[in-house]
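Some notes on the structure that comes next.
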Amino acid sequence: MSKTTRVIVVGAGIAGLAAASRLQSFGYTVTVLEGRDRIGGRIHTDRSWGVPVELGATWVHGMDGNPVMDLAQQWDLETVTTDYENLWLYDTKGVALEDDDQVELEEQFWEALDEVEELVEQMDEENEADISLQTALDIVLSKWELSAQDRRELDYAIASLIEHEYAADSADLSCYHWDEGEEFDGEDGLFPKGYDQLVTAVAKDLDIRLEHPVKAVEYQQTGVRVQCQDDTFEADYAIVTVPLGVLKAGSVTFSPALPDAKQKAIHRLGMGTLNKVVLRFPKMFWEKSAEVIGYIPKKKGEWVEFFNFYPITKQPILVGFNAGSYAQTLEDWSDEKVVAAAMQTLRTIYGAKVPNPTHHCITRWRSDPFTQGAYSFLATHATDEDYDRLAEPVGDRLFFAGEATSRQYAATVHGALLSGWREADRIHNLD
Ligand SMILES: Cc1cc2nc3c(=O)[nH]c(=O)nc-3n(C[C@H](O)[C@H](O)[C@H](O)COP(=O)(O)OP(=O)(O)OC[C@H]3O[C@@H](n4cnc5c(N)ncnc54)[C@H](O)[C@@H]3O)c2cc1C
């Protein structure tokens with residue numbers, strides 16, 4: 001490698017920043033081109049209420065051996081552990097479920113998944129084509145004797161434990177592959193002073209050009225040309241870290257066109273939707289120590305959980321989560337209508353006297369042109385090899401990083417971080 005070897009990194013999310021900082025430490029000349037007026041991408045801490053509010057990633061999933069924790073230690077960033085099992089669950093009428101009923105519901109959920117696994121094994125033996133996880137669940141549950149309320153309860157568990165995690169309806173997840181991938185052990189944690197501290201630390205001393213949305217990437221044997229609205233940048237290599245949703249939309253063009261296998265992988269993989277409705281109230285009216293408030297709705301997937309951020313922020317803040325098609329529907333609603341829908345659920349649980357929030361903040365990750373969704377998932381007919389296809393370099397000039405290139409840890413901050421380091425090492429090993 002010569003000192004003048006230049007690398008352009010497209011995107012200043014954690015993957016792009018990790019790649020850039022590692023390459024810079026190796027001695028490369030690195031320029032990061034970012035479309036937004038801020039760094040961090042899907043790590044976005046809003047501080048306008050005087051306390052950190054996470055609009056994108058919140059948790060470090062599995063703290064043992066997690067590279068995010070290594071960085072937290074290196075930069076002396078405070079983390080705290082969380083426990084989603086600290087859950088208060090309410091039925092459709094707003095009545096709290098007894099502990100025994102909660103345990104029974106969870107057991108039923110795991111039993112249903114065990115039966116789905118048996119069905120999938122049988123389908124695999126008979127070489128049957130992929131179907132959605134929802135279709136598989138429907139096949140299994142059609143043999144159970146379930147009342148409408150039993151089914152609502154199971155649907156709640158499916159929404160909360162699967163659809164919120166994968167940011168997709170179970171009707172869109174592959175029954176063969178939906179839960180492939182690995183996890184780090186240990187508890188989950190978060191940064192009480194903001195996830196953006198991690199981003200700021202990794203971005204230190206980098207040459208980052210904000211408000212430089214990349215329109216086109218040309219690559220040939222001798223190097224790359226990256227075109228923004230007003231500027232063109234040339235370099236020896238480029239690492240593209242734009243989200244899968246942006247690749248799907250074709251808002252960055254590649255010349256020559258990307259190989260067929262990569263284009264097919266982009267098409268097959270799913271880009272999910274997960275959104276937050278952050279509500280700040282004049283006072284608390286919910287259980288002070290609960291971490292999660294669960295609700296079994298009449299309609300599948302609507303307002304199934306609110307997270308209590310009082311213990312972290314010492315402010316009366318609740319964060320409602322919605323995923324998949326319902327989250328997408330809400331993106332077209334006005335803020336007032338979304339808040340009213342959230343309040344209807346909260347008033348069903350806590351009574352008509354619950355006050356209106358004084359402040360709200362609503363994410364719309366699907367409509368965001370620089371993300372076009374929340375994170376990737378294994379859609380029906382996709383396999384985890386598609387993540388590898390997305391990660392595959394093209395012509396030893398063009399490299400790809402980002403959560404959707406991480407076969408092991410897709411859809412996470414640590415997956416994105418590791419993918420950035422992976423591509424920096426790949427370029428370094430070429431030189
Ligand atoms: C609501 C939500 C909750 C989440 N919760 C968690 C969680 O609790 N824990 C967890 O581990 N993960 C979570 N995730 C996932 C995690 O945030 C992502 O996997 C990770 O941050 C992705 O990093 P990245 O660098 O791959 O992509 P990004 O952070 O999206 O970075 C890509 C960058 O490219 C930029 N870009 C896009 N197009 C262009 C263009 N044309 N030109 C230039 N720049 C461009 C974008 O603006 C962005 O800055 C969550 C995500 C969301 C949306």
Side-chain angles (χ1 to χ4, degrees), residues 8-20 31-45 54-63 66-68 82 84 164-167 183-184 188-191 195-196 198-199 202-203 208-217 226-229 233 238-247 249-253 271-278 307 319 321-323 327 362-366 368-377 390-391 400-406 409-420 423:
I8 288 168
V9 174
V10 183
I14 197 69
L17 296 172
T31 305
V32 183
L33 302 175
E34 167 56 49
R36 300 177 199 268
D37 61 1
R38 63 168 180 86
I39 60 170
R42 282 169 276 174
I43 299 177
H44 184 195
T45 311
E54 303 297 353
L55 302 182
T58 302
W59 291 280
V60 182
H61 293 301
M63 294 165 92
N66 191 314
V68 171
T82 60
Y84 326 110
H164 279 218
E165 186 176 338
Y166 294 92
E183 287 171 4
F184 285 102
D188 287 358
L190 55 75
F191 293 93
Y195 225 135
D196 60 348
L198 182 84
V199 171
V202 179
I208 303 171
R209 315 286 173 94
L210 297 177
E211 295 181 273
H212 273 70
V214 167
K215 305 276 175 217
V217 177
V226 177
Q227 222 177 296
C228 300
Q229 190 77 27
F233 296 80
I239 304 181
V240 174
T241 75
V242 301
L244 175 66
V246 172
L247 292 173
S251 31
V252 179
T253 59
M271 184 67 177
T273 309
L274 179 73
N275 276 318
K276 302 184 180 182
V277 177
V278 190
F307 284 75
V319 182
F321 279 66
N322 285 293
I362 299 172
T363 68
R364 291 182 175 84
W365 287 102
R366 168 74 49 189
D368 180 330
F370 293 114
T371 308
Q372 313 216 25
Y375 43 80
S376 63
F377 67 91
L390 202 54
F400 290 82
E403 58 84 11
T405 70
S406 172
Y409 306 114
T412 62
V413 170
H414 51 270
L417 175 74
L418 289 169
S419 75
E423 294 312 306

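Counting starts at 1 for both ligands and their atoms, in listed order. The chain is numbered in sequence order, starting from 1.
The proximity of W365 to ligand 1, defined as any non-hydrogen pair under 4.0 Å, is limited to the side chain. At a heavy-atom distance under 4.0 Å, only side-chain atoms of Y375, from C-beta outward, approach ligand 1. Proximity of L33 to ligand 1, defined as any heavy-atom pair under 4.0 Å, is confined to the backbone N, CA, C and O atoms. Contacts of K215 with ligand 1, taken as heavy-atom pairs under 4.0 Å, are absent altogether.
Taking only nitrogen or oxygen atoms, main chain and side chain alike, H414 does not reach within less than 3.5 Å of ligand 1. Residue A15 has at least one nitrogen or oxygen atom sitting less than 3.5 Å from a nitrogen or oxygen atom of ligand 1, judged on distance alone. Between I14 and ligand 1, at least one pair of N/O atoms sits closer than 3.5 Å. At under 3.5 Å, a nitrogen or oxygen of V413, whether backbone or side chain, sits near a nitrogen or oxygen of ligand 1. The shortest N or O to N or O distance between V214 and ligand 1 is under 3.5 Å. Checked by distance only, ligand 1 and R36 come closer than 3.5 Å through their nitrogen or oxygen atoms.
Residue T241 has at least one heavy-atom neighbour below 4.0 Å for each of these atoms of ligand 1: 32 (C).
Among the candidates R36, H44, R366, the single residue satisfying the side-chain hydrogen bond (donor to acceptor under 3.5 Å, both in side chains) test with T371 is R36.
What sits closest to atom 39 (C) of ligand 1 on the protein, heavy atoms only, is V242 CG1, 3.5 Å. Among all non-hydrogen protein atoms, the one lying nearest atom 19 (O) of ligand 1 is T412 O, 3.1 Å. Here the protein heavy atom with the shortest distance to atom 23 (O) of ligand 1 is A416 CB, 3.4 Å.
Note: T241 OG1 to F400 CZ = 10.5 Å, rounded to the nearest 0.5 Å.
By the 4.0 Å heavy-atom criterion, T371 is excluded from the residues contacting ligand 1. For G40, the heavy-atom gap to ligand 1 drops under 4.0 angstrom.
Ring orientation note: the planes of Y409 and F184 are close to parallel, at an angle under 30° on the 30°/60° scale.
Across the listed options A374, G245, A57, A57 owns the non-hydrogen atom lying nearest to atom 13 (C) of ligand 1. Remark: among candidates A12, G35, G56, the nearest residue to atom 2 (C) of ligand 1 is G56, based on non-hydrogen atoms. When the heavy-atom distances from atom 26 (O) of ligand 1 to E34, E403, K276 are ranked, the shortest goes to E403.
Residues R209 and C228 fail the side-chain proximity criterion, which asks for heavy atoms closer than 4.5 Å.
Judged by distance alone, the side chain of E403 and the main-chain N or O of S376 form a donor-acceptor pair under 3.5 Å.
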